[in-house]
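For reference, the structure discussed in these notes is given below.
Quick caveat, the model's predicted, so the values are computed rather than measured.
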Amino acid sequence: MNYLKKAVRYINISDFINSGGHLSLGYEYGMETIACATDEGGVVWEGKSEYESLDALLEDAEDGIKKWIEENW
C-alpha cells in the first residue's frame, strides 16, 4: 500500500514506509538518538542525538535508509 503517494525529496524514506517500515522521531529518555528507522527485523538506522534542523535529520535518515535498502533489498 502507498501511504505516502508522492515522494519528491525523501524517496527512500517513502519507499521504506510504503513497504511497512517505520520512522520514529522524538526524544526518548535513555536513548542516544532522537530518530530511528525500524522494520519487522528491528532497527535499520539510528540517527544522532541532536541535529541543526529537522531537514538535517530527514536528510540523514534518507541517506541511512538508502544505504540499508541498497545492502538488504
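Evaluation of the side chain to side chain contact (heavy atoms under 4.5 Å, CB included) rule for Y27 yields Y29 as partners, not counting sequence neighbours. For the side chain to side chain contact (heavy atoms under 4.5 Å, CB included) test, residues two or more places apart in sequence or in another chain that qualify with T38 are H22, C36, V43.
Closest of all the heavy-atom pairs between Y3 and N18 is N-OD1, 2.7 Å. The two atoms that bring W45 and G64 nearest to each other are CD1-CA, 3.4 Å, heavy atoms only. Taking each heavy atom of W73 and S19 in turn, the nearest pair found is CH2-OG, 3.5 Å.
Counting only heavy atoms from C-beta outward, the side chains of I34 and L25 never approach each other to under 4.5 Å.
Legend: salt bridge (Lys or Arg N to Asp or Glu O under 4.0 Å) pairs involving residues 36-54, not counting sequence neighbours: none detected. Sorted by first and then second residue, the salt bridge (Lys or Arg N to Asp or Glu O under 4.0 Å) pairs with a member in residues 16-25 form an empty list; sequence neighbours excluded. Screening residues 54-67 for side-chain hydrogen bond (donor to acceptor under 3.5 Å, both in side chains), with sequence neighbours left out, gives R9-E59, N12-E62, Y51-D60.
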Working for side-chain contact (heavy atoms from CB on, under 4.5 Å), residues L58 and L23: CA-CA 10 Å; L58 290 172; L23 179 61; 4.3 Å; yes
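Cluster partners of V8, using a side-chain heavy-atom cutoff of under 4.5 Å among ILVMFWY residues and allowing indirect links: none.
Atom CD1 of I65 sits about 13.0 Å away from atom CD1 of I11, to the nearest 0.5 Å.
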